[in-house]
Each structure stands twice: as C-alpha cells, then as structure tokens.
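Below is one structure; the comments refer to it alone.
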Amino acid sequence: MEDQRYRQLRPLYGADFHTCFYCGCLATEFDFAPPQAHWQSFFVRQASADNLKLPCCRECRLLLTGCAMGLVEQRREWLQTKLSAKYAKAIGVYLKWNHNELAELDYGLRHSIGAGLELGEEAHRRANYQGYPYEVDGAVVAQATIKPLPISVFEQRFDTLKQALVAVSEQYRIPQAKLVEALAKHDNNLEAVVLAHQQQQADQLAKRQLQQACRQFAKQHGQSSRYVTNSVERYLDKDPELTVAEALDKLLSERILPRA
Ligand SMILES: [Zn+2]
C-alpha cells in the first residue's frame, strides 16, 4: 500500500527512469527521506524533511540504513561519503593510473590494475553523481542537476578531477600517483600540489649547483669541500640576496686570501 505521508520523486526524462537518484545505478527499490521509521519524529519536532520517496539502488539503500536524515541532499552527502570510503582503494587506483600506462605493464599487473581502474572509475562517478531533473505530483522541480564546480589549475579548467590529473601529470611531468598522494597534504588543491613540486625541484637543483660550485672552488684553492660548502651556506643564511658566486668571492677575500 502507498505510504500517504510521502510524495514520489519521478524522473522528468525517460533516460533517467529506473535510475538511482543518489548514484545513477539501476534502481530496484525506494529510499524514503526521512526514513519511514523516523517520519513521526520529524513531524513532531517540525524538523525539515523532504517527505519524498525516491528511486534507489540496492547498495545505496543498504548504505543508507544508518542515516536518519530528512533531506534528500543530506542523504546524498552521507551516501557519497560511505561510497568513497567503501571504494577508496579502487578510486585511488583510478585516480593514480591512466589507460596509456597500462599498456606498459606485464599481463598479470595489467589485468589487476585494469580491473581496479574500471571499478574505481564507476565508484568515483557514483560518489560524485548529482541526480537528475524530476517532478513531484506532476510539478516539475527546478533543475536538480548541479554540475560540479570545474577544477581550475593555472587558468585551465577541467570537468573532473581525473581529467585534471591526467593533463597536469603530462604537462608538468609529475607522475599521477605522486599528485594524488600530495593532494591530501594540500587541501585537495591541485595547483598548490604543482607549485610545491616545482619549488621542491628548484630547491634540489639549487642545492646540486651549490655543491658543484663549492667542490670546484675547493679544488682550485686547496680547501676541503665541506669547509667551503659550510661557509657558503652560512654566508647565504645571513644574506639570502647573495648568489653562490658572490658568497665564494667573499669567502676568498675574507678568509682564504688573508691566511695565504
Ligand atoms: Zn545507488
């Protein structure tokens, strides 16, 4: 029997019939916002609730078992967190690898990474699904589909995180896996990840150049490499504007020549 306390959410377009409103999979059951067992409590408290019955897949309904929220969008958020956690490993594989790299792997690895990639791609899509336009009691509800904000990296815009990762990895020659691992450290800001990587590379290059210049100088003036490097580093700490060459000149005129 129809539960009169709820109105049914129906897809506006044929393409969305029998589609889970939360994740986009095939819907075989219904979810209730708020859950039927909690309806009375929402009513008594006058708490905000959509009072909607909506198409839902089996997995989403099971994952939503512990969710007592009354608004559909709250329930979606809850569900997406659960989906992301349940498939975290596969989503990680999907974000870290791309299909071109698979070709270079041996058969066994290609097979297992490939399977993870596919599962991860589906899980990632489901965990970011935004619903579809719908009607309730014959009245069309304003466009329910909210496009996720595009991801922007140095003025370039991408519709999905995966697209951004693939492009940035290629353009800046940073492995995708490295990008994904650094994302958490940088508030999921891909631009910050690239900047930090570039800074790190510049620091390493500068360090190598400094060591090389000091070694050469030490040899030329019969000093120990370590003494020259330490002295130059001290000069640079005191005056960050100084170049390595200027620091070496200073070392020569202030310490080495007077002793000679
Ligand atoms: Zn679902």
Side-chain angles (χ1 to χ4, degrees), residues 1-39 41-42 47-97 114-151 158-165 180 188:
M1 209 179 82
E2 203 57 47
D3 188 334
Q4 301 292 330
R5 301 172 300 180
Y6 294 84
R7 298 175 306 157
Q8 191 166 335
L9 178 155
R10 295 175 202 277
L12 195 54
Y13 302 118
D16 295 322
F17 287 173
H18 308 295
T19 302
C20 173
F21 190 68
Y22 294 117
C23 81
C25 278
L26 181 71
T28 53
E29 21 215 294
F30 290 100
D31 180 54
F32 293 84
Q36 286 166 297
H38 294 271
W39 187 88
S41 147
F42 273 81
S48 41
D50 284 329
N51 298 315
L52 284 174
K53 170 186 175 184
L54 51 148
C56 184
C57 72
R58 183 172 170 72
E59 188 177 10
C60 285
R61 199 184 54 76
L62 289 175
L63 287 172
L64 281 162
T65 305
C67 175
M69 287 162 167
L71 300 174
V72 170
E73 289 311 320
Q74 291 173 332
R75 299 178 71 75
R76 180 195 305 289
E77 219 181 298
W78 158 290
L79 176 85
Q80 291 185 336
T81 308
K82 291 264 174 189
L83 275 176
S84 301
K86 179 171 176 185
Y87 295 105
K89 208 170 150 197
I91 291 174
V93 170
Y94 166 65
L95 292 176
K96 287 176 189 174
W97 290 81
L117 244 172
E118 248 163 67
L119 176 65
E121 179 170 15
E122 191 197 2
H124 190 255
R125 188 174 56 237
R126 292 175 67 203
N128 289 282
Y129 190 71
Q130 297 294 321
Y132 42 72
Y134 60 90
E135 55 180 28
V136 174
D137 292 341
V140 174
V141 175
Q143 182 66 277
T145 314
I146 310 150
K147 264 204 113 175
L149 275 178
I151 295 168
F158 304 94
D159 286 336
T160 69
L161 177 59
K162 172 78 176 195
Q163 284 170 7
L165 286 168
V180 173
N188 287 314

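Counting starts at 1 for both ligands and their atoms, in listed order.
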TODO: Identify whether the distance between the nearest side-chain nitrogen and carboxylate oxygen of E29 and R61 falls below 4.0 Å.
DONE: yes
TODO: Please find out if less than 6.0 Å separates the ring center of F21 from that of Y134.
DONE: yes
Task: Test log, rule side chain to side chain contact (heavy atoms under 4.5 Å, CB included), inputs F30 and C56 - done: CA-CA 5 Å; F30 290 100; C56 184; 5.7 Å; no
Open item on the list: Check K162 with E121, please: is the shortest side-chain N to carboxylate O separation under 4.0 Å?
Closed with: no
Open item on the list: Would you say the ring centers of Y132 and Y13 fall short of 6.0 Å from each other?
Closed with: no
TODO: Show all protein N/O/S atoms under 2.8 Å from the Zn ion (ligand 1), or state that there are none.
DONE: C20 SG, C23 SG, C57 SG, C60 SG
TODO: Examine K53 relative to Y6 and say whether NZ or CZ is less than 6.0 Å from the centre of the six-membered ring and inside a 45° cone about the ring axis.
DONE: no
